[in-house]
Amino acid sequence: MEIASKYNPRAVEEKWYSFWLEKKLFHSEPDRRKPYTVVIPPPNVTGVLHMGHMLNNTIQDVLVRRARMMGKNACWVPGTDHASISTEAKVVKMLAERGINKRDLSRDEYMKYAWEWKEKYGGIILNQLRKLGASCDWDRTAFTMDDIRYESVIRVFVDLYNKGLIYRGARMVNWDPQALTAVSDEEVIYKESHGKLFYLKYFVDGEDKYIVVATTRPETIMGDTAVCVHPEDERYQWLKGKKVIVPGVGRVVPIIMDEYVDREFGTGALKITPAHDINDYNLGMKYSLDSIDIFNDNGTLNDNGGKYAGMDRFACRKAIMKDLEEAGLVEKIEDYENKVGHSERTDAVIEPKLSTQWFMKMSDIAKKALEVVEDGTIKFHPEKFKNTYRHWLENIKDWCISRQLWWGHQIPAWYLPEGGFVVAENADDALRLAKEKTGNANLTAADLRQDSDCLDTWFSSWLWPLSLFNGILEPDNDEIRYYYPTADLITAPDIIFFWVARMIMAGEEYAHQVPFRNVYFTGIVRDKLGRKMSKSLGNSPDPIELINKFGADGVRVGMLLTAPAGNDLPFDEALCEQGRNFSNKIWNAMRLVKGWSVDENLPQSEENRTSLLWFESHLNKTLASIEDDFSKYRLSNALMTTYKLVWDDFCSWLLEMIKPAYQKPIDKATYDTVIALFEKLMCMLHPFMPFITEEIWHILGERPDTESIMIATMPKAQSFDENIIKDFETAKEVIIGVRGLRNSKGISPKEVLHLCERGNGGNAFDGIIIKLCNIDGIERVADKVENALSFMVGSTEYYVPFSQNIDKEAELKKLEEELKYTEGFLNSVMKKLSNERFVNNAPEKVVAVERQKQADAEQKIAALKAQIEALK
RNA sequence: GGGAGUUUAGCUCAGCUGGUUCAGAGCACUUGCCUUACAAGCAAGGGGUCAUUGGUUCGAAUCCAAUAACUCCCACCA
């Protein structure tokens, strides 16, 4: 049967993925084996796969598949996140397109649409992961808003409230005027932006003098209730106790003096708008200033905005400045660079806003979370993220957990008719508590009004490792006991605070144990120009197209080859191409081996036996190094090492060494061993390239469809013979030497040559040298050989007699250059050795090495001189 | 403003506790090959003052200090 010379991934991938599903090979149940648990960082339910997911999930799959082959009970739990804000934004937009306004819908009606949307788009991303080969236990697929997860969130909220860790209060929060909700500090992204600094004149009440105040936000003057200067600022002492008139507004406000003001900035005078700036708010509290809120929730001016009411904040800025300039109240306008907070999800400019929200106290719980990372119970890879983590936890502020959205877990607080509220897991409990609290036994459910807000998305994802195994509702169930704590968490560093830190807190609080042992931080996938891949830039390739083009295995290899932990990954399609080429290489190695005919009666040659012994030793040595790489989470290293083992050592060397002559059979012992080695390599490669390895493993072993490489045993490093590896290294150099001569002299590979080695060495690989160099034999000679091309390996001379004209000049030049270099080298060694301080201070071993270098160099120089003599 | 990190070949990166892993790998590049597994390939090559400057040391890519450039995180400077 003819096998195509090009590997075709598509059919193979589809075939094996459904095979794995059918055989339930991804599924895990607790048993006697050791567990290896990984929980997926749940992607947004309405999201589509991007390159970051590709990298992240490839890494997880590599670790999970490897653990499974190492005999562990691997369980990789998939799921999606309801992503409160971004999903709500998408649903609202979808409704708007259908001419429906969210405000016209009841909560129930709205949620119906939202769930429909979720059902329609929710599966996409998980299906895309299947194309990548992800070996998730799909039976366990969870959603942060499914029943168990929803109830877990509510249970935790009530519990934390009862413990006094959750409270409700009026604070200055980050308001997203587009999503119409508060967001946490972590959800505010500060971006450098060029704006203007406006210098405005505030006239002193009743006088003709004025003070100039610099501001970036002139539209907020409607809310000004004071102007503040530094108490020791000599320029403004005359203002003490006076009042000024807010330009264009006419309101008379006091001058206050506080050391908060930076005298160097602007004019040293600061306008105070307590309702719209956190610092101003603090000063407002300190000096009992009025707080005038001038904005509506959507960022337009409210009735306090006077003639600007209804105008958007940025339009208002322009309008006000125009009016002020016309009124002569603007001194100057400067360009100014500053950082402006944007909403992580909607990118809207964040408006500081005073509002009543739910908060979680963080200081105590943070301490425990810091401890377990500091003492190494949880390890970060790379370790540098410990610093970031520590810094955040040491300066942590309370977490604003309420969101003015519907898509999420509704806050389980019920307000009482006469004020106050109760917190309970359900409406019945709430009613009972309400009756107790008010002493009013006649209350009915209709008297209570549940808080309409929902919780921050991260308030559900922080429970993920616990809630996946139902560890919140049933803290001592079999699954949580078996699978928790999970082994490795693979995630991007940008959610270290949002997610990683908080999961650690939840673990401590609800399981009294860490949620995972290791955190592997991936890098950020960037384009060739170093830009972060993003939808708006349009610089992110479509992962599914990449898979179609290069095969899932090829793309996986491409992602991993250059992705050391914590380092950004400059993505280049060429890497996937390299991965695809590698697939093809493996495919063709299989074609070669399967093309051999086996002769049961043919005895195994000494050359074949030695070749296989060499490769087995080399394989074991390499395995040890790969195991070391994995223990340090150096996946790209492990992959590159395996890649070279397969391509260079197995294909380019071993297969060439044992390859029978054209149309000649191979002996059975060699054939069987090669197949076994090939299979071992496929096992080693399987975690990286699951599809092609399964395909080849089946072809090589002619296995029934009941078996799978997925559950084959991962080869383990065994002892190896260092000598045979060394001998082969020498043989390799001889082979490369001869090939080099052919290459530089233009001698065809088909022309049979003769090789002389000066000395009476003899190497176990002589037969291999003869085969791979196309020479008629190796002759040991005592003396230099005339009329020959020459090269050296170490200090041994080799000659290839060559009848045609030898370019003596060129040969001489080459030899003399080498002689010169070696003499220089010897010189430097001698210099070291003649340095008494070196000989006295350096360890004996190091000195011995130098002496050996000296001896070798001297021998080589002698040999080179002899060769030069021979030529002359 | 505070903190962390990076700087080694054209590109992306290894290089651990200073000395035979010491100047490496992959890709790219050059040359020659359509050799009966593979041109998505084979063979052979070229290529680096280890950012700069000092210091420690018998010895520094490696340790220390300063400088420069870049990256990231955190922080309420209008």
Side-chain angles (χ1 to χ4, degrees), chain A residues 3 5-7 172 185 190 197-198 213-217 220 228 260-262 264-273 277-282 336 338-339 341 352 382 384-392 395 493-494 496-497 524 528 530 550 554 561-564 566-570 572 574-575 577-596 628 632 634 636-637 639-641 643-644 647 651-652 655-656 659 661-663 736 739-744 746 748-750 774 832 835-843 845-847 849-850 852-853:
Chain A
I3 311 175
S5 73
K6 295 266 188 290
Y7 170 62
M172 191 60 98
D185 294 342
Y190 287 89
L197 193 57
F198 305 91
V213 173
T215 180
T216 53
R217 302 202 58 195
T220 63
C228 188
Y260 166 75
V261 175
D262 176 0
E264 308 299 316
F265 189 90
T267 60
L270 171 68
K271 72 186 204 60
I272 305 297
T273 319
D277 183 279
I278 178 70
N279 302 300
D280 293 11
Y281 172 76
N282 292 337
Y336 184 64
N338 70 336
K339 297 215 168 182
K384 66 178 177 186
F385 288 108
K386 260 172 104 165
N387 295 322
T388 314
Y389 181 82
R390 182 188 311 115
H391 185 259
W392 186 71
N395 297 285
D494 52 352
I496 183 170
F497 308 133
I524 291 165
K528 274 184 254 185
F550 301 109
L561 271 179
T562 177
N567 268 26
D568 284 1
L569 168 93
D572 190 335
L575 294 163
E577 202 179 324
Q578 193 182 347
R580 178 201 60 178
N581 294 354
F582 186 42
S583 302
N584 205 50
K585 185 70 191 178
I586 299 165
W587 182 252
N588 278 291
M590 179 277 290
R591 286 210 308 144
L592 172 68
V593 171
K594 289 302 282 181
W596 289 335
D628 183 55
K632 292 171 181 150
R634 301 198 313 199
S636 44
N637 242 8
L639 173 57
M640 182 43 75
T641 306
Y643 175 95
K644 285 190 283 186
W647 196 312
C651 294
S652 296
L655 293 184
E656 295 297 333
K659 189 174 172 177
Y662 184 52
Q663 291 190 334
I736 289 170
R739 283 174 177 174
L741 289 184
R742 281 188 193 276
N743 230 296
S744 60
S748 158
K750 287 173 185 160
N774 192 21
K832 253 191 202 178
N835 182 343
E836 264 180 54
R837 286 194 292 182
F838 170 74
V839 179
N840 294 337
N841 291 323
K845 244 169 78 183
V846 176
V847 179
V849 164
E850 291 301 316
Q852 187 59 48
K853 275 186 196 170

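Residue numbering restarts at 1 for every chain, and letters A, B, ... go by the order of the sequence lines.
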Open item on the list: Applying a 4.0 Å non-hydrogen cut-off, can you work out what A:Cys228 is touching in the nucleic acid: base, sugar-phosphate, or nothing?
Closed with: nothing
Open item on the list: If I take atom CG in residue A:Asn588 and atom C1' in nucleotide B:U35, what distance separates them, rounded to the nearest angstrom?
Closed with: 15 Å
Task: Below 4.0 Å: OP1/OP2 of B:A37 and any side-chain N or O of A:Lys659 - done: yes
Within the sub-3.5 Å range, which N or O atoms of nucleotides 69-78 of chain B have a protein N or O partner, and how far apart are they?
| from | atom 1 | to | atom 2 | distance (Å) |
| --- | --- | --- | --- | --- |
| B:C76 | OP1 | A:Lys397 | NZ | 3.4 |
| B:C76 | O2' | A:Asn279 | ND2 | 3.2 |
| B:C76 | N1 | A:Asn279 | OD1 | 3.1 |
| B:C76 | O2 | A:Tyr260 | OH | 3.2 |
| B:C76 | O2 | A:Asn279 | OD1 | 2.2 |
| B:C76 | O2 | A:Asn279 | ND2 | 2.7 |
| B:C76 | N3 | A:Asn279 | OD1 | 3.0 |
| B:C77 | O2 | A:Asp262 | OD2 | 3.2 |
| B:C77 | N3 | A:Asp262 | OD2 | 3.1 |
| B:A78 | OP2 | A:Tyr336 | OH | 2.7 |
| B:A78 | N6 | A:Asp262 | O | 2.5 |
| B:A78 | N6 | A:Phe265 | O | 3.4 |
| B:A78 | N1 | A:Asp262 | N | 3.2 |

Open item on the list: Run the salt bridge (Lys or Arg N to Asp or Glu O under 4.0 Å) test against A:Lys585 and tell me which residues pass, sequence neighbours left out.
Closed with: none
Open item on the list: Using the P atom as the point on both nucleotides, what is the distance between B:G59 and B:G48, in whole Å?
Closed with: 27 Å
Open item on the list: Which is it for B:U35, anti or syn, if anything within 90° of zero counts as syn?
Closed with: anti
TODO: Under the ring-ring contact (aromatic ring centres under 6.0 Å, His included) rule, collect the residues that match up with A:Tyr336, sequence neighbours excluded.
DONE: A:Phe265
Task: Spacing of the P atoms in B:U49 and B:A23 (rounded, Å) - done: 14 Å
Task: A:Tyr389: ring-ring contact (aromatic ring centres under 6.0 Å, His included) partners, not counting sequence neighbours - done: A:Phe380
Open item on the list: Treating A:Asp277 as the side-chain partner and A:Thr273 as the backbone partner, does any N or O pair qualify as donor plus acceptor under 3.5 Å?
Closed with: no
TODO: Specify the separation, in whole Å, of atom CH2 of A:Trp587 and atom P of B:A39.
DONE: 15 Å
Open item on the list: Please give the distance between the P atoms of B:C64 and B:G5 as a whole number of Å.
Closed with: 11 Å
Task: Rounded P spacing from B:U21 to B:U57 in Å - done: 25 Å
Open item on the list: If the condition is ring-ring contact (aromatic ring centres under 6.0 Å, His included), which residues does A:Trp392 pass it with, not counting sequence neighbours?
Closed with: A:Phe497
- [ ] Write down the distance between CG (A:Leu741) and C1' (B:A44), rounded to a whole number of angstrom.
- [x] 11 Å
Task: Member of A:Asn282, A:Asp280, A:Ile278, A:Asn279 meeting the side-chain contact (heavy atoms from CB on, under 4.5 Å) criterion with A:Met172 - done: A:Ile278
Open item on the list: Under the rule for salt bridge (Lys or Arg N to Asp or Glu O under 4.0 Å), what residues qualify as partners of A:Lys644, not counting sequence neighbours?
Closed with: none
Task: Distance in angstrom units between A:Lys386 NZ and B:G5 C1', rounded - done: 16 Å
Task: Quiz item: A:Arg580 side-chain donor-acceptor pair to B:A40 base, under 3.5 Å - done: yes
TODO: Quote, to the nearest angstrom, the P distance that separates B:G46 from B:G24.
DONE: 12 Å
Task: Residue met sooner reading RNA chain B from 5', once A:Asn387 and A:Ala589 are mapped to nucleotides - done: A:Asn387
Task: All salt bridge (Lys or Arg N to Asp or Glu O under 4.0 Å) counterparts of A:Lys594, not counting sequence neighbours - done: A:Glu702
- [ ] State, to 0.1 Å, how close A:Val839 and A:Val847 come at their nearest heavy-atom pair, and which atoms those are.
- [x] O-CG2, 4.2 Å
Task: Paired and unpaired positions of RNA chain B as dot-bracket, Watson-Crick or G-U wobble under 3.5 Å, | denoting a partner strand - done: (((((((..((((.....[....)))).(((((.......))))).....(((((..]....))))))))))))....
Open item on the list: Please enumerate all residues that pass ring-ring contact (aromatic ring centres under 6.0 Å, His included) together with A:Phe550, with sequence neighbours excluded.
Closed with: none
TODO: Find the distance between SG (A:Cys651) and CD (A:Glu656) and round it off to the nearest 0.5 Å.
DONE: 9.0 Å
Task: nucleotides 56-61 of chain B: protein proximity per nucleotide (B base, S sugar-phosphate only, - neither; heavy atom, under 4.0 Å) - done: --B---
Task: Closest non-hydrogen atom pair between A:Ile3 and A:Arg591, with its separation - done: O-NH1, 3.0 Å
Open item on the list: Just verifying a value: how many Å separate A:Asp572 CG and A:Glu577 CD, rounded to the nearest 0.5 Å?
Closed with: 9.0 Å
TODO: Name all residues meeting the salt bridge (Lys or Arg N to Asp or Glu O under 4.0 Å) criterion together with A:Arg742; count only those two or more places apart in sequence or in a different chain, and write none if there are none.
DONE: none
Open item on the list: Suppose you measure atom P in B:A61 against the same atom in B:C72; what distance do you get, rounded to whole Å?
Closed with: 31 Å
Open item on the list: Once you apply a heavy-atom cut-off of 4.0 Å, does A:Ile272 come out as touching a base, just sugar-phosphate, or nothing?
Closed with: nothing
Task: Whole angstrom value for the distance that separates P of B:A40 from CG of A:Leu575 - done: 18 Å
- [ ] Provide the closest heavy-atom pair for A:Ser583 versus A:Tyr7 in the form atom of the first, atom of the second, distance.
- [x] CB-CD2, 3.8 Å
Open item on the list: Distance check, C1' atoms only: B:U12 and B:C29, in whole angstrom units.
Closed with: 15 Å
Task: Which nucleotide in B:G45, B:A40, B:A37 has an atom nearest any side-chain atom of A:Lys6 - done: B:A40
TODO: Give A:Ser748 one of three labels, base, sugar-phosphate or nothing, depending on what nucleic acid heavy atoms sit under 4.0 Å from its own.
DONE: nothing
Open item on the list: Between B:U7 and B:C63, how far apart are the two P atoms, rounded to whole Å?
Closed with: 11 Å
- [ ] With heavy atoms under 4.0 Å as the rule, sort A:Asn584 into base, sugar-phosphate or nothing.
- [x] base
Task: Nucleic acid footprint by protein, nucleotides 24-34 of chain B - heavy-atom cut-off 4.0 Å, B for base, S for sugar-phosphate alone - done: -SSS-------
Open item on the list: Using 30° and 60° as the class boundaries, would you call the ring planes of A:Phe582 and A:Trp647 parallel, tilted or perpendicular?
Closed with: parallel
